[in-house]
Asks: 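One structure follows; several queries about it will come next.
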Amino acid sequence: MSAYYKNNRSEEDQGYHDYSESEDYPDFPAPLNNPDDPRTRRNPYSAGSRVSPDYPVSLAEPDYPGSLSNPDHPSTMNHPFSATSRISPDYRRSVAEPDYIELQRNPYHPSSSRQPDSSQFQQNPDVAYSRSSGNHADSRTNPDYFGSLPEPDYPGTQSNSNHPGSRTNSTHSGSRRSIEYAGSRINPYTDSLGEPDYPGAKNQHNSSHFWGEPDYPGAKDYQNSPDIWGEPDYPDAENGHDYGSSEAPEMTRGVLSRTSSVQSMFHHRIDGPLVIHRRENEDYPENIEMTSMEMTDSYGHSLPGAPRKGYVNPAYVGESSPVCAFENLMLSECDWHKSPEGQKLIASLIPMTSRDRIKAIRNQPRTMEEKRNLRRIVDKEKSKQSNRILKLNCCTQCLHSISRAYQRSKNSLSEFLNTISLWQKTLKIIGGKFGTSVLSYFNFLRWLLKFNIFSFIVNFSFIVIPQLTVAEENTLQFTGLEFLTGAGYFRDTVMYYGFYTNSTIQHGSSGASYNMQLAYIFTVGISLVICFFSLLFSMAKYFRNNFINPHIYSRGIAKLIFCWDFTVTHEKAVKLKQKNLSTEIRFLKTHSNPGAVLLLPFVVSCINLVVPRFYSMFRLVERYEMPRHEVYIILIRNIFLKISIIGILCYYWLNIVALSGEECWETLIGQEIYRLLLMDFVFSLADSFLGEFLRRIIGMQFITSLGLQEFDIARNVLELIYAQTLVWIGIFFCPLLPFIQMITLFIMFYAKNISLMMNFQPPSKAWRASQMMTVFILLLFFPSFTGVLFTLAITIWRLKPSVNCGPFRGLPFFIHSIYSWIDTLSKRPGYLWVVWIYRNLIGSVHFFFILTLIVLIITYLYWQITEGRKIMIRLLHEQIINEGKDKMFLIEKLVKLQDTEKKVNPSSLVLERSEVEQQGPLHLGECDAAPGLRFRQSVQEDNSRA
Amino acid sequence: MGSKQTVFTHEQLEAYQDCTFFTRKEIMRLFYRYQDLAPQLVPLDYTSCPDVKVPYELIGSMPELKDNPFRQRIAQVFSDDGDGHMTLDNFLDMFSVMSEMAPRDLKAYYAFKIYDFNNDDYICAWDLEQTVTKLTRGELSAEEVTLVCEKVLDEADGDQDGRLSLEDFQNMILRAPDFLSTFHIRI
């Protein structure tokens, strides 16, 4: 043997270089790293001395086919085992060699892929050994598996269009063999093919197990593969299908035909324009090559006959960014993108814009490695494509870089905005302790604060600052009481309408002029318009998110169970929530029809509407089935209360104060609103610190049955809305009102936060937080903001500004400032377009009539579309149910069919199995999976001969 | 900025940004949170991508998860081997899915996995029982739990196969607007 080794060594030298690092090579007789060697050692033991002479020969085989032969090792192994050892030399010389030569001539891709596989083996020699000890065919078959798995990829990568056949054959694990089979008169080779009959089939089974086995490091990387390949979902999922089915030997017969179709599919794919396939597919070898680069290199050297092969891999290696070398090992764990689905995904990602692509990648339910990998692949593919295209088109390139820069700047902007987002931590604590429902109040508060900050900035920069530049001396005394009354000293400050000048501000003789009248009306108008749209959009957003499908909206038990509030992190809150949930579940169990009870609260609310005075008393009597209904009722009552308060106030202001002939009535209204706001704020503060505190003392010390109170979201939110309404109304009369509201909101946040932490317990009611937010914004929009718009419209169009103060002094109506502006503009030829726009669009009744009509038509159309969608959704829902029934029916039928088949033909299966078991120890065939009928036959022939 | 460079390379950070719903800053914050869990285990230099896993015991002791009845499931679902030990990637993945920005479908997918206790890709009656028991801390009797599970299946099982598939689950989640805001862990 040693002589043989020596002899062979000279010729094998290169070959072994391939498979193992050079330092392992000297150990060759027992090199740990070489998977072949252990086998060679073992073979003599198991197969006897007679085999050994052949054995080295078979060992030699790997060399001349070079990398190709690596997977052949197992097969050559098989010879000695299958008691045809003597044949194997023949085979080698007469049959295999020509084959290989041929293969070499046509750079045989599978080989290149196989090689790395073997190296993979080398990396995990221990396991291979442990496996192979009893049944080392396993270990051997694994390389085949590995080999055959990446094979399909390789054909693509090497783009050897001449030999798609040979390639695809190889994908069937039988490729090599099938060639040989065709060429060789000796069938031992086909042993491995005929595995289903042979003991090999069993091995196959084992090896397919291997895949999933995590303790097998080599296979571990490929763990996913069996899933992908074996899954029936991918009928075209390469030969993996065969592997999967090979467990049931009788099924393999059919497999062959299937694999042929797979072949054709492969051709298709390879020839197709989808470049991606190659790239992702190559991942298998990539990993391996990356991990042992020298291996691939030497591999390249060792194949002078087919140098191209050797270098193809490195080429690909080079392609994949070396930075990610470390990733590649992990990468193999996420081979999913090699699956047709993954490829489809990648193909769909490529034409996307970078923004959409990132979004799509982010939304993939994959692990980080997979996403990162996907991103890398797609990016590379994209850049490759764009390189091709953009060479001609530098304009696109320019656009590309611009879009990238834009992307980056947007990222940093959002980062910046995130850093200034207020109270992140406090909100987290509140959410953790009280859940999302209470959190929604604070979110709303924060949202309003942002609103006010915006209004303040606009007002301050366009109204206050210009006014400050021409401010006159304030002669009034400051006493301190003004903070409460808002009058006195403050009357002659920028705070109120009356202080603003009606003149055109001009600094220096040639400086730009600033028309205060116009600035005032436009600033207020534009800030309100922006508020309008942002309200509208956020309302629409919430509606879209929360009422996607209102008609199938049901309050079911399932939602309760699956909508655990993950934001809650406080231990007590978690326990309380769990307790509440169990009560609610019990409750829901007994009340299966929640729709019917809706009627009562509605009627009651109507009655309460008629008799608003008594509603607080009614509350004591009312009993609501659903806790939410009570909340809504309170909400509605409170809204009516607030609306009536504000309505009466507005009436008073617009019809009494404005017409009273009082000097500078706008400032008076501003002061009044200021006082209202301030009072409201003081009362809220007092309520938080005294009322709620006292309530807690009472609840804890005196009347313990009351217990801790719960945070009344509805009431608090309505307070916010009320204050915001006042601010909006007052914005015209007191431009600095948003600033005041800003401060109050800021303080309120902390006050409420402290009060909440001290005096309240988490809500026991099942709040629907997201819905609450929608309702809040709806309320803010509908009665509040629209009401404000009405009020201001009346003010601007119908009321006479005071004669002696304010920017509009002397005008018959506020709107006249616009009219006169248009008149002056119409005298200037450069601004005629503004005049035209005003006359024909803004000032024209006809235009608004047409616009309204169009909007109505669009609304109607959308409404119809929504109706159609609703029907569609219902149908689809029914379809889902029907599909389920179909599935059940088919499964039943299948089970029945299988049962009958078993009954009819119980013996064949048993027979085959026994055959397999019987010959198991002898023929440790490869566990390849394309064992067709003809192979079986040939094998049987061989058997009989033997 | 300086610390960023030493922990991650620019490419790494960019990849993380593209693969999660986080900004650079948040990624760094999460990294430090992760590092804080096991300071002696996690290096402060991730440029070479060390293969470090923080054991579940430490992950589960985070204040965000500590009292969550599903903490073990969350960790299992997001860990590589389903054992709850998490690499930094897993950790980022977890919080990315749980973040405010993650879309409904993604959240639903992972929620489904979390509730699928036996990992058979279906939420069966047994999974539901586990869920209900965890949610109610065993306050319900066995019959009640069974009844609830039956009801849930009755309600959400679109194809009537006695268990909830991912589609069933997503379909049901669609009707639960709160899901988006509740399947959310703030960091």
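Within every chain, numbering begins at 1; the chains are lettered A, B, ... in the order of the sequence lines, protein sequences first and strands thereafter.
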Asks: State which residues pass ring-ring contact (aromatic ring centres under 6.0 Å, His included) with B:Tyr16; sequence neighbours excluded, sorted by chain then number.
Replies: B:Phe8
Asks: From B:Asp83 CG over to B:His85 NE2, what is the distance, rounded to the nearest 0.5 angstrom?
Replies: 4.5 Å
Asks: Side chain from CB out, backbone as N, CA, C, O: work out which of these in A:Leu439 comes under 4.5 Å of a heavy atom of chain B, or both, or neither.
Replies: side chain
Asks: Measure distances from B:Met101 to the heavy atoms of chain A and classify the residue's part below 4.5 Å as side chain, backbone, both or neither.
Replies: neither
Asks: What part of A:Lys887 is in contact with chain B, defined as an atom under 4.5 angstrom from a non-hydrogen atom: side chain, backbone, both or neither?
Replies: side chain
Asks: At a heavy-atom distance under 4.5 Å, which candidate from B:Leu106, B:Asp18, B:Thr20 has the highest pair count against chain A?
Replies: B:Asp18
Asks: With a 4.5 angstrom heavy-atom cut-off, which part of A:Arg375 approaches chain B: side chain, backbone, both or neither?
Replies: side chain
Asks: Can you tell which part of B:Thr131 gets under 4.5 Å to a heavy atom of chain A, answering side chain, backbone, both or neither?
Replies: side chain
Asks: To the nearest 0.5 Å, what is the distance between SG on B:Cys19 and CD on B:Glu14?
Replies: 10.5 Å
Asks: Could you pull out all residues at least two apart from B:Phe91 that satisfy ring-ring contact (aromatic ring centres under 6.0 Å, His included)?
Replies: B:Tyr34, B:Phe95
Asks: Below 4.5 Å from any heavy atom of chain A, which atoms of B:Leu88 appear? Answer side chain, backbone, both or neither.
Replies: neither
Asks: Apply ring-ring contact (aromatic ring centres under 6.0 Å, His included) to B:Tyr122 and list each qualifying residue two or more places apart in sequence or on a separate chain.
Replies: none
Asks: Looking at every non-hydrogen atom in both residues, tell me the closest pair between B:Leu153 and B:Ala125 and how far apart they are.
Replies: CD1-CB, 4.3 Å
Asks: Checking B:Phe183 against chain A: side chain, backbone, both or neither under 4.5 Å from a heavy atom?
Replies: both
Asks: Under a plain distance cut-off of 3.5 Å, with no hydrogens placed, do B:Gln76 and B:Ser79 share a side-chain donor-acceptor pair?
Replies: no
Asks: Who in residues 66-74 of chain B is close to chain A, using a strict under-4.5 Å heavy-atom cut-off?
Replies: B:Asp67, B:Asn68, B:Pro69, B:Phe70, B:Ile74
Asks: Salt bridge or not between B:Arg163 and B:Asp120? Use side-chain N to carboxylate O under 4.0 Å.
Replies: no
